[in-house]
Q: 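Before anything else, here's the structure in question.
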Protein chains: 2
Amino acid sequence: MLTYTEENYLKALFKISFDNDNEEVGTNELATYLAVKPATANDMLKKLKDKGLVDYEKYGKITLTKTGKKFAIDVLRKHRLWETFLFEKLDFSWDEVHEVAEQLEHIQSQKLVDKLDKFLNYPEFDPHGDTIPNKKGEMKVQFKKTLSEVAVGSSCKMVAVKDNSSSFLQYVVKVGLGINNEIKVLSKQEYDKLTDIEVNGVKSSVSQKFAENIFVVCKNCAVGKPCSEPSVCEIK
Amino acid sequence: MLTYTEENYLKALFKISFDNDNEEVGTNELATYLAVKPATANDMLKKLKDKGLVDYEKYGKITLTKTGKKFAIDVLRKHRLWETFLFEKLDFSWDEVHEVAEQLEHIQSQKLVDKLDKFLNYPEFDPHGDTIPNKKGEMKVQFKKTLSEVAVGSSCKMVAVKDNSSSFLQYVVKVGLGINNEIKVLSKQEYDKLTDIEVNGVKSSVSQKFAENIFVVCKNCAVGKPCSEPSVCEIK
DNA sequence: TAATAAAGTTAGATTAATCTAACAAATAAA
DNA sequence: TTTATTTGTTAGATTAATCTAACTTTATTA
């Protein structure tokens with residue numbers, strides 16, 4: 001049985017490597033992500049190595065073992081199922097679910113997870129558009145890109161956010177955006193990449209940083225496939 | 001903010017005094033209840049006293065302060081709301097809810113409790129028949145007695161159980177009993193108080209110990225009032 | 001009421017998770 | 001290729017919750 005903290009370290013390792021698209025993670029990177037000091041992360045890595053959950057050599061990079069990854073995915077699954085529950089059943093808003101799910105994800109009961117999954121009708125994506133691993137740990141991959149990569153003149157559909165922080169999500173709502181909204185990219189400033197978009201007939205401007213945190217699929221790309229037709233759906 | 005453990009100590013103190021119908025609790029009693037050593041309980045009591053949550057003098061008895069009681073009731077409220085959720089929404093069985101609720105009761109989010117309460121339609125009793133404190137900390141009191149106190153020949157309705165352990169609850173189910181069942185007390189052995197009862201037309205015998213852990217209200221007593229008519233509804 | 005038992009306390013140790021401060025290794029830059 | 005910077009490690013300390021073992025107080029009872 002893992003402690004609350006051990007679970008958080010495994011989840012962090014999984015998410016960092018997923019975001020970086022690189023299995024290898026550094027100690028400082030991990031420490032920063034978890035808002036602890038490198039010394040703390042280092043101690044924990046030794047423990048996780050002893051338990052066979054990470055592969056790690058002194059001064060080397062960290063990777064999750066197969067078992068470690070299994071645990072990480074399980075925590076992620078619980079987190080996202082709870083977020084879905086809070087959003088769909090308890091009427092929490094989009095930006096409020098994360099914080100509470102951070103606590104709920106550590107509840108230990110296989111039965112609870114299974115029954116919650118069933119109660120929610122086996123959802124595949126959470127309220128932020130992130131994929132929910134199924135019981136076997138399999139995840140539906142969505143071939144998405146960021147709004148910043150969509151060519152001027154193209155239309156796309158928002159499917160997820162990269163940044164799950166409450167402050168970013170509140171900003172997203174303020175701009176009038178939400179999951180499944182259609183976004184048309186009207187123009188982009190060459191100088192600072194400030195992008196003019198149109199959502200539900202309303203025009204607004206978003207920064208490069210903002211656009212990099214919005215995940216979309218292009219309107220004319222087949223669902224579940226990478227955007228394959230640059231003529232129809234160009235990538236910057 | 002209280003730790004997980006502090007919450008458990010406060011809840012234990014509240015439940016012990018409630019069960020004993022006596023505000024004052026002893027260190028050893030508390031330690032036994034929580035399955036820790038008296039030394040451990042003693043350390044924690046000092047901390048809870050410093051925080052103003054219990055009144056306690058060296059070698060004296062322990063009572064909860066007003067603040068301490070408030071926290072205890074809040075944990076109890078969360079526990080029982082979660083039990084109700086697990087039972088009613090997730091289809092957990094009667095004897096499975098307690099263990100998971102022990103974990104869920106420590107999730108910190110006022111909003112979550114409020115929304116869960118609403119989702120469950122403001123329930124007043126949990127699946128074991130225990131009263132659920134409302135947001136203000138008020139609890140509906142049910143004037144119940146134990147099955148062992150019901151006179152031979154009387155009928156009563158089961159409203160709750162005293163022992164919430166999984167093993168007891170499974171036994172209750174096996175005997176064919178459940179909340180709201182009508183129980184007729186047919187006869188009782190003078191020697192060992194073995195009691196013959198009838199539930200849904202099925203006869204069975206239960207021990208004194210068993211009967212002391214089943215809460216009932218007498219059939220002919222007004223709801224919400226103590227059993228006041230010994231002629232109709234005698235108490236042993 | 002003195003002896004015994006029960007209840008409660010203290011001191012010292014342990015484990016998990018964290019920190020600071022000092023140090024070592026690896027990498028990047030001049 | 002040496003120096004500087006970044007990255008990672010170690011040692012020693014702290015806090016929360018727990019333990020064992022020895023001790024003290026209070027309560028019971030013979």
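A quick note: this is a predicted structure, and the numbers were derived from the prediction, not measured. Lettering of chains follows the sequences in order, A, B, ..., and the numbering in each one begins at 1.
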Q: Under 4.0 Å: is that the gap between some side-chain N or O of A/Thr5 and OP1 or OP2 of C/dA16?
A: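 Checking A/Thr5 against C/dA16: no side-chain N or O falls below 4.0 Å of OP1 or OP2.
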
Q: Enumerate the residue pairs fulfilling ring pair (Phe, Tyr, Trp, His ring centres under 6.0 Å) with a member in residues 4-53 of chain A, sequence neighbours excluded, ordered by first and then second residue.
A: A/Tyr4-A/His106

Q: Looking at B/Lys46, I'd like to know whether one of its side-chain N or O atoms comes within less than 4.0 Å of OP1 or OP2 on C/dT10.
A: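 So the side-chain polar atoms of B/Lys46 do come within 4.0 Å of the phosphate oxygens OP1 or OP2 of C/dT10, strictly under.
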
Q: In whole angstroms, how far is the C1' atom of D/dA27 from the CD atom of B/Glu24?
A: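 My rounded result for the distance is 15 Å.
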
Q: Could you state the CG-P distance from B/Asn28 to C/dT9, rounded to the nearest angstrom?
A: 9 Å

Q: Hey, what's the ring geometry for A/Trp94 with A/His128, parallel, tilted or perpendicular (30° and 60° as the breaks)?
A: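 The rings of A/Trp94 and A/His128 sit tilted, inter-plane angle from 30° to 60°.
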
Q: Considering non-hydrogen atoms only, spot the tightest contact between B/Ala151 and B/Val185 and give its length.
A: O-CB, 3.9 Å

Q: To the nearest Å, give me how far apart NZ (A/Lys58) and C1' (D/dT10) are.
A: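 Rounded to the whole Å, the gap is 8 Å.
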
Q: Please work out which of the three classes, parallel, tilted or perpendicular, describes the rings of A/Phe210 and A/Tyr171, given edges at 30° and 60°.
A: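 It falls in the perpendicular class, over 60°.
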
Q: Given that B/Val25 and A/Ala35 both sit by DNA chain C, which one's nearest nucleotide is further toward the 5' end?
A: B/Val25

Q: D/dT18, OP1 or OP2 - any side-chain N/O from B/Tyr4 closer than 4.0 Å?
A: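 It does not, given that no N or O in the side chain of B/Tyr4 lies less than 4.0 Å from OP1 or OP2 of D/dT18.
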
Q: Side-chain N or O of A/Tyr9 less than 4.0 angstrom from OP1 or OP2 on C/dA16?
A: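 So the side chain of A/Tyr9 is outside the cut-off, no N or O lying under 4.0 Å from OP1 or OP2 of C/dA16.
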
Q: Nearest heavy atom decides the nucleotide; on that basis, is B/Pro38 or A/Lys37 closer to the 5' end of DNA chain C?
A: B/Pro38

Q: Rounding to a whole Å, what distance do you find between A/Ile62:CD1 and D/dG8:C1'?
A: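 One finds 10 Å between C1' of D/dG8 and CD1 of A/Ile62, rounded.
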
Q: Whole angstrom is fine here: how far is it from CD in B/Glu6 over to P in D/dT15?
A: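 Value for this atom pair: 15 Å.
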
Q: Provide, to the nearest angstrom, the distance between the CE atom belonging to B/Met44 and the P atom belonging to D/dA16.
A: 9 Å

Q: Nearest to the B/Tyr56 side chain among C/dA16, C/dG8, D/dT9, which nucleotide is it?
A: C/dG8

Q: Using OP1 and OP2 only, check whether a side-chain N or O of B/Tyr59 sits under 4.0 Å from D/dC23.
A: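 For D/dC23, OP1/OP2 do not have a side-chain N/O of B/Tyr59 under 4.0 Å.
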
Q: Using a cut-off of 4.0 Å on non-hydrogen atoms, how would the nucleic acid contact of A/Ala39 be classed: base, sugar-phosphate, or nothing?
A: base

Q: Any side-chain N or O of B/Asn42 under 4.0 Å from OP1/OP2 of C/dG8?
A: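 False: B/Asn42 side-chain N/O out of range (4.0 Å or more) of C/dG8 OP1/OP2.
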
Q: Please state how far atom CG in A/Asp43 lies from atom C1' in C/dA16, giving the value in whole angstrom units.
A: 10 Å

Q: Please work out whether the ring planes of B/Phe85 and B/Phe119 are parallel, tilted or perpendicular, with thresholds of 30° and 60°.
A: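 Plane angle between 30° and 60°, so tilted.
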
Q: Please determine whether a side-chain nitrogen or oxygen atom of A/Lys61 lies at a distance below 4.0 Å from atom OP1 or OP2 of D/dG8.
A: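 Yes, because at least one side-chain N or O of A/Lys61 sits under 4.0 Å from OP1 or OP2 of D/dG8.
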
Q: Are A/Thr40 and C/dC19 close enough that a side-chain N or O sits under 4.0 Å from OP1 or OP2?
A: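 Indeed, a polar side-chain atom of A/Thr40 lies that close.
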
